[in-house]
Amino acid sequence: MKNIGIIGTGYIGLVTALGLAEVGNRVICLDIDEEKINLLKKGISPIHEEGIEELLNKNTKEKRIFFTTNFEETIENSEIIFICVNTPSKNDGEVDLSQVISSAKSISKFLKNRKIIAIKSTIPIGTLSKIREIFSKEGKKEGDDYELAIVPEFLREGKAVYDFFNPSRIVIGAEKDYVINSLKELFFPFQAPMVITTPITAILIKYASNAFLAMRVSFINEIANICEKFSVDVFEVIEGMKYDKRIGGEHLSPGIGFGGPCLSKDLMGLIKMAEKNGYEPDFLRAILEKNEHQVRYIVYKVKEQLSDLLYDFTISIWGLTFKAGTNDVRNSLAIKIINLLKNDGANIKAYDPYGMEEAKKLIKDVEYCNDIYEASEDSDLLLILTAWDEFKKADFLKLKGLMRKPIIIDGVNVLDPKEAKKYGFIYKGVGRE
């Protein structure tokens, strides 16, 4: 058993904390958000993830996990401290390191004996030098008072609990055997291949992995849009591609593009890192531009069915989160598309099974509804932007009776086109008719 400190109780921090507690460690979680900490103490998860509240209540009851807003308490009672705070993008694409810097300043004030500080937050190269400088100003010396490591996360929101217990690999970026062995011992119960490397390489493994996943999404959306021009079903093309072991079938799901807190942020971060060091990453820029184009293309599909001017049209939106299985709307392309439609004068009625409370914080002048049918009543077009399973069970007959016009733009290909057309709907998917 090890004593673990977790700084930040968002998706990565909370799942990491619960996973490490579940295998027998004593974990103390810190967050500066008192409301979030109070919820967690009551056994209520502020994030939606399958199985998370069961883990939370079990490990709280068995006294393996604790929650606090007190930095001193967290640092004093931890051998290994994980920094799991958010690193969002700034407007120019640079990584906002303010939460990482703030965490490092707070940790440095309370270091009294040697700790391992393992960073799970995605940070650009050069950040470790800034952290060392912060510790140095507090009179803390690397090797005596602290050790640094990079331990990137590869969790999928909506499947984060599963992914933590079934990792594809564990990457440990550290220089010293003591640090490497301590982290290997900590993650040994998860029985995954371990990649032991330098901190800089670990940083680039994370950025490169997300850039590659983003590339696959942009690639298949490009192919899907070409398929539409020739009346070819992109899923038949994918079926013929996926048996090639060099390609496979993962991340070949055409749709509205990649959103969320990771792929686009990390892609922009990698682009900025390259630019600042004298390299022009044109291929990475093209991936990002294709993603922006896909958003515009979805809006074009709506206008193609209704009008270039959307005044007095009511559009029903199913899905607000950036993907199914989460309540996260950070950098959700659904929110971006809604804003574009509103700017063209459309009235929006929206429903999402878990994301509406978070969406209300970001977007106003939207009628938020209790279910898909209320959202569809008197609408001129239905636009589906998140692939929730419950949408697959839609009653087409009931839906047609509620809508003013039987038009469906399925931005995530969640419905059966043949079923929709059987009930008289005009159906347009992505890469399929």
Side-chain angles (χ1 to χ4, degrees), residues 88-91 221 225 255-261 263-265 268 288-324 326-388 391 394 399 402-415 425-430:
S89 292
K90 297 179 182 178
N91 291 335
N221 279 337
N225 296 344
I256 63 175
F258 54 83
L263 292 191
S264 56
K265 170 183 75 75
M268 287 189 288
L288 198 58
E289 172 52 32
K290 172 58 203 167
N291 203 53
E292 293 297 319
H293 167 264
Q294 196 68 10
V295 168
R296 298 192 297 270
Y297 189 55
I298 296 297
V299 174
Y300 165 79
K301 282 173 172 282
V302 171
K303 292 183 176 182
E304 188 179 38
Q305 295 299 319
L306 296 178
S307 167
D308 279 341
L309 294 175
L310 296 175
Y311 287 99
D312 294 327
F313 286 104
T314 297
I315 297 173
S316 171
I317 302 290
W318 292 4
L320 297 167
T321 55
F322 84 94
K323 65 182 290 189
T326 178
N327 64 337
D328 198 347
V329 297
R330 289 176 296 168
N331 197 32
S332 169
L333 296 186
I335 302 297
K336 184 177 288 190
I337 289 168
I338 288 170
N339 278 324
L340 291 172
L341 295 172
K342 284 177 60 189
N343 288 342
D344 280 331
N347 301 312
I348 304 295
K349 298 176 71 176
Y351 168 74
D352 188 284
Y354 289 99
M356 290 198 291
E357 290 307 310
E358 293 300 313
K360 288 175 184 177
K361 299 174 185 177
L362 298 179
I363 190 165
K364 310 296 182 185
D365 301 322
V366 167
E367 183 180 345
Y368 293 96
C369 302
N370 293 314
D371 56 43
I372 57 174
Y373 301 109
E374 183 182 335
S376 304
E377 190 171 0
D378 295 325
S379 66
D380 297 291
L381 181 144
L382 164 60
L383 178 57
I384 306 175
L385 298 175
T386 313
W388 288 99
F391 298 165
L399 195 60
L402 291 169
M403 294 177 66
R404 279 202 291 253
K405 296 180 180 179
I407 306 172
I408 298 173
I409 305 293
D410 188 352
V412 286
N413 294 319
V414 72
L415 299 182
F425 282 93
I426 297 170
Y427 175 92
K428 300 290 181 181
V430 179

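Numbers here simply count residues along the sequence, with the first being 1. Side chains are part of it too, since the values below use all heavy atoms of this structure and drop only hydrogens, waters and symmetry mates.
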Test of understanding: with side-chain contact (heavy atoms from CB on, under 4.5 Å), list the residues that count as partners of [X], not counting sequence neighbours.
X	value
M403	S376, S379, L382, L399, F425
I407	Q305, L306, L381, K405, I426
P353	Y351, W388, E390, F391
D378	R404

*Output all residues satisfying salt bridge (Lys or Arg N to Asp or Glu O under 4.0 Å) with K361, sequence neighbours left out; order by chain, then residue number.*
E358

_Partner residues of K290 under the salt bridge (Lys or Arg N to Asp or Glu O under 4.0 Å) criterion, sequence neighbours left out_ = E222

Is there a side-chain contact between [X] and [Y] (heavy atoms, below 4.5 Å)?
X	Y	value
L415	I408	yes
V295	I256	no
V430	I298	yes

Of all residues at least two apart in sequence or in a different chain, which pass the side chain to side chain donor-acceptor pair (under 3.5 Å) check with [X]?
X	answer
E357	K360
N221	none
Y368	none
N370	E374

_Pair S264, N331: side-chain N/O donor-acceptor within cut-off below 3.5 Å_ = yes

*When rounded to the nearest 0.5 angstrom, what distance separates CZ in F322 from OG1 in T386?*
10.0 Å

*Pairs flagged by salt bridge (Lys or Arg N to Asp or Glu O under 4.0 Å) wherever residues 303-324 is involved - sequence neighbours left out*: K303-D344

*Can you tell me which residue pairs pass the side-chain hydrogen bond (donor to acceptor under 3.5 Å, both in side chains) test with a partner in residues 333-343, sequence neighbours excluded?*
E292-K336

_Expected output: side-chain D410 to main-chain V414 donor-acceptor under 3.5 Å_ = yes

